[in-house]
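The chain is numbered in sequence order, starting from 1.
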Amino acid sequence: MNPRIAKTLLRAKRAGDYVTAKLLFGALAIVRLLPPDTGLRLADRSARLLGPLSSRHKLALHNLRRAFPEKSEDWIDRVARDNWGQIGRMAAEFVYLDDLFDFDPDKPGEGRIEVSGIDTFIELRERKGPFIFFTGHLGCFELLPIGAAAFDLEFTALFRQPNNRYVAERVLSARRTAGGHLVPSKAGAVWNLAGILKKGSSVGMLTDQKFLRGGVKTTFFGLECKTNPLLPKLARQYDAEVYPARSIRLADGRYRLELFPRLDLPRDAAGEIDIETSCQALNDVVEGWVREHPEQWMWFHDRWNQKKRLAK
């Protein structure tokens, strides 16, 4: 491509990203003026109306049909629309995180948040790691680092930055104060996480992201995809214990944060963690969660690299 044309396109993209970011920040600022329950309901209803009009809706329907071939079209359509409502809530939750997380370890059962696995949280707090927590793009996964902090667990989360640079900057800045420490998934991130584990601290990561270059061949819902091998590699190198965790939205506007018992990753004949089978084990855990709450997973996320095929 002609360098001048490439530069012009880059400038146009940056200008478009800037406008998009400003519109998003403006909408979230308006939502922030409302009480949390009102703002969340408004975001839910708005996303249900606008989401199906986007190009991503076609991908969501396609992914649902492939993952649940036994389900009817009415079910597929309903889950896809419910999913947009969940995505709207996720955007609004970004500005309400500090207000939403009202869990007090000394008063469990009260407030908006309920926690399952309290004994495990306490047990991990009382002894040295390293520990690796993993989750998927399910429910309000943004609450997990805050939940760990509520139990005085030092926690650093690896996250994929949004493609929009202006949104990415705002997200990183906000999470430094509201959600614990974050490490953007870019060059140098692996060394950062390795250093944290080497000190005996905790890290967390999403394991259901689209990952092509260097990914391990696995399946998710019986469909071929590639999975990031970083988690089992780190667990093997630093002898880190691995714990599944999730945060799901409940029907009454409340949330349940769940920390599960340690997941023992598969090992090879030499007793070392087997990278390939471990990647599949992680997928199987997340798939089980998604089957329980299919409307709370990001179906427009291109997990199976289908977007280009649909565009043909």
Side-chain angles (χ1 to χ4, degrees), residues 12-68 71-97 99-100 136-143 159-171 174 206 208-210 247-253 255 290 293-311:
K13 181 182 183 305
R14 288 179 176 174
D17 285 350
Y18 181 80
V19 172
T20 299
K22 287 298 183 182
L23 290 173
L24 175 61
F25 299 153
L28 292 179
I30 294 173
V31 169
R32 189 68 181 89
L33 297 175
L34 302 172
D37 288 333
T38 303
L40 290 170
R41 285 196 298 269
L42 176 62
D44 185 312
R45 293 171 184 172
S46 299
R48 286 174 185 269
L49 290 174
L50 299 176
L53 302 178
S54 71
S55 59
R56 286 281 178 170
H57 188 63
K58 182 179 179 182
L59 178 60
L61 293 172
H62 176 71
N63 284 337
L64 277 163
R65 291 187 186 108
R66 297 179 76 231
F68 295 96
K71 297 295 186 180
S72 68
E73 278 299 307
D74 287 343
W75 186 91
I76 297 295
D77 182 71
R78 176 175 59 78
V79 171
R81 291 179 182 276
D82 287 348
N83 188 218
W84 284 115
Q86 297 285 316
I87 299 306
R89 285 181 176 272
M90 181 184 299
E93 286 161 350
F94 176 83
V95 300
Y96 291 127
L97 282 178
D99 298 323
L100 293 176
H137 289 88
L138 184 79
C140 188
F141 54 86
E142 301 281 5
L143 287 175
F159 84 112
R160 181 187 180 279
Q161 296 186 96
N163 293 330
N164 187 312
R165 59 181 292 190
Y166 305 102
V167 174
E169 290 171 359
R170 177 68 67 88
V171 169
L206 293 154
D208 59 345
Q209 299 186 44
K210 175 182 176 181
S247 178
I248 57 175
R249 300 181 185 90
L250 304 177
D252 56 0
Y255 301 81
V290 178
H293 304 279
E295 76 286 349
Q296 295 195 35
W297 193 68
M298 294 183 179
W299 290 101
F300 63 81
H301 172 54
D302 197 12
R303 181 70 176 91
W304 294 280
N305 198 30
Q306 296 289 301
K307 187 177 179 181
K308 291 182 179 180
R309 298 180 184 181
L310 286 176

### Query
Would you say Ser54's side chain and Gly51's backbone share a donor-acceptor pair under 3.5 angstrom?
yes
## Note on the structure
Those residues at least two apart in sequence (or on a different chain) that pass side-chain contact (heavy atoms from CB on, under 4.5 Å) with Ala60 are Trp299, Phe300
### Query
Considering residues at least two apart in sequence or located in another chain, which fulfil the side-chain hydrogen bond (donor to acceptor under 3.5 Å, both in side chains) criterion with His301?
none
### Task
Please identify each residue that fulfils salt bridge (Lys or Arg N to Asp or Glu O under 4.0 Å) with Glu93, with sequence neighbours left out.
Arg249
#### Entry: Any residue meeting side-chain contact (heavy atoms from CB on, under 4.5 Å) with Ser72, in chain and number order, not counting sequence neighbours
Asp74, Trp75
#### Entry: Partners passing side-chain hydrogen bond (donor to acceptor under 3.5 Å, both in side chains) against Gln296 (at least two apart in sequence or in another chain)
none
### Query
Mind checking what makes side-chain hydrogen bond (donor to acceptor under 3.5 Å, both in side chains) contact with Gln306, not counting sequence neighbours?
His62
#### Entry: side-chain contact (heavy atoms from CB on, under 4.5 Å) partners of Leu250, counting only residues at least two apart
Glu114, Ile248, Asp252, Arg254, Arg256
### Counterpart residues, side-chain contact (heavy atoms from CB on, under 4.5 Å), relative to Arg48 (two or more places apart)
Asp44, Asp82
### Qualifying salt bridge (Lys or Arg N to Asp or Glu O under 4.0 Å) pairs, either residue in residues 50-65, two or more places apart
Arg65-Glu73
### Message
I'd like to check the side-chain hydrogen bond (donor to acceptor under 3.5 Å, both in side chains) partners of Asp208; sequence neighbours left out, ordered by chain and number.
### Response
His137, Trp297
### Query
Quick one: salt bridge (Lys or Arg N to Asp or Glu O under 4.0 Å) partners of Arg81, sequence neighbours excluded?
Asp77
